[in-house]
Amino acid sequence: MKAMSDDTQPAAVRARGIVKSFGTGDTQVTVLKGIDLDVYLGELLLLVGESGGGKTTLLSAIAGILDIDEGDIDVFGVPLSTLPAGKRTTFRGQTMGFIYQQFNLLPVLTAAENVAVPLLIQKAARPEALHRARIMLDRVGLGDRAEFLPKNLSGGQQQRVAIARALVNEPRLLICDEPTAALDGPNGQKIMELLREVGRSPDRCVIVVTHDSRIFHFGDRMANLTDGRIVGIERIKQEGTA
Amino acid sequence: MSYVALKMLFGDRAKYLMLLCGLTFAVMLIVQQGSIFWGLMIWSQSSISNLNVPIWVTDPGIAQVEEVKPIADTAVDRVRSVPGVEWAVPLYKGLLRARLTNGEYHQITLTGLESSTLIGRPAEVLGGRFEDILQPDAVALDQWAVERMGGPTVVKVGTIFELNDKLARVVAIAKTQKSFTNVPVVYTTYERAIRYVPRERRTLAYVLAKPKDGVPVEEVTRRIRQETGLGAFTDEEFSWKTISWVLKNTGIGTNFGTTILLGFIVGMAIAGQTFYLFTVENLRQFGALKAMGASTLTLAWMILLQAFTVGLTGYGVGIGLATLFGFLTARGGGLPFVETWQLLLLVLIALLAICTFSALISIIKLARLEPAIVFR
């Protein structure tokens, strides 16, 4: 069931005039040069563009894990850029889920334990956290791999574990950095199907940074970030839609 | 998150074992050296503890128990006359040479006890009867004398040897605390002791005294000093005076102190470096945890838990190994090894300092860590 993104509704993520530089003096590089971007509930937004264009920096800024120099970022109405660091961390833990290119699973934890980590961070009891983690692993098709260590899982399976971990806290915003970059074609497609399903939930949205043109058709919109500026946002025509 | 922290710690087995070995080594070294050091200090004052009397009176300029400065014989009566003194007896103490029947010479410490009470006699006797030193020419030896003078086949109850060309017959072997110099101790009566030694104007080494019941020993000691002008010390004061002299006048304190400091530094260096490496190698994982909402405080708790878990495990293993070493080497008085709870407490504090230092380096690193690292 698709909840169509609607530009007329209030944005789940609203970024205005984002500027971010690294370094000082002659070596200063401005990576984001006044970014305006809205992301709506029920949509999967693809963030594409050339390498070094500022995609990952923008993603980090939206996630509230990188301080910006100028501009405002509101996530679900909360002004993230002015939120104190401690509250921002708590907000992030309760609202956002992350999927990384290199999965970033803890190698010494089983799949179920890895998935339970966000719940443990929120101080859930371990048995309860592991129970919910196993349910989530079932949902991504890895119920029978719950006690496997990451090293005993394929790349695609590891990324599914990472998705389960990102979703176990029922975050409203899913932030994905090159989620298919370390996967082969078929595995990448499966992962994106899973993410699209999440993105189409009416109370959630997904932002995916990618270079992989094979997965562009999974997005609802695609923002092109080049040289620190958004040079275009296009709506992607979905199969079965007019 | 404690569960995750411990799994991270135990999961990297190589680093965990390296950390554990480093801390175990540091603890073992500090405990072992500390115990030997304290054992030596106990040995250095064993002449006091072996006699087990509460007050020692002698020349006021005395530096330590083995440095005998004879005082006038009248000192005994003067001490007896001080209010609060229940009894006071003379003690002879001096070095002499013993000549065995096989022609061997051995330097010995001759200890002369007051004959009517034998106050200062060793509490435990391994062979013969100590009271028999009241018989003509009778002496008792400590067990170290037997060992030093040729073993139980050469020296035993009934053995006869010469002290300054005078006959001495062994009637008892007593059990005592080994001394720092390990010079054999020969016990006899005070009167016979001064007959054994060459004629001197003053022969009284110490007056041993006891306060009356209910009178504090410190108070009686103060009165003796005040009223006789002699040096009077409680046995504890005299022990510390002796230990202090040994520390000031030998290199023992410096040598052992250096080794203990080395153990501390090596432990800190190994633990600090390994722990830092452990953190750096898991930086992306910690970054991911931070991105997922783990606060710096949570990460600090995880690091501290890891540091103290491995630290306390190392503490237990280190103490166990040091104790085993002490048990194996100090049996039969071969090596001075005295493991006290104060030492173990000090080592625990030192270890906690090492762990805290190691954890702090990592915590500072994590506090500065931008979770954005996970996107790079």
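To find a chain, count down the sequence lines: A is the first, B the second, and so on, and within it residues start at 1. Note: hydrogens, waters and symmetry copies are ignored here, and every other heavy atom, side chains too, is used. It should be emphasised that the depicted structure is a prediction, and the values quoted were computed from it without experimental measurement.
- Looking only at heavy-atom pairs under 4.5 Å with chain B, the residue among Asp67(A), Val209(A), Leu105(A), Leu106(A) that has the most is Leu106(A).
- For the pair Lys20(A) and Phe22(A), the cation-pi criterion (under 6.0 Å, within 45° of the ring axis) is fulfilled.
- Using a 4.5 Å cut-off between heavy atoms, Arg165(A) touches chain B through its side chain atoms alone.
- Considering only residues two or more places apart in sequence or on other chains, Ile42(B) meets the side chain to side chain contact (heavy atoms under 4.5 Å, CB included) condition with Trp38(B), Gln45(B), Gln177(B), Val338(B).
- Taking a cutoff of 4.0 Å between a charged side-chain nitrogen and a carboxylate oxygen, Arg221(A) and Asp38(A) do not qualify as a salt bridge.
- By the 6.0 Å and 45° rule, Arg145(A) stacks over the aromatic ring of Phe148(A).
- Of the atoms belonging to Asp12(B), it is backbone heavy atoms, and not side-chain ones, that fall under 4.5 Å from chain A.
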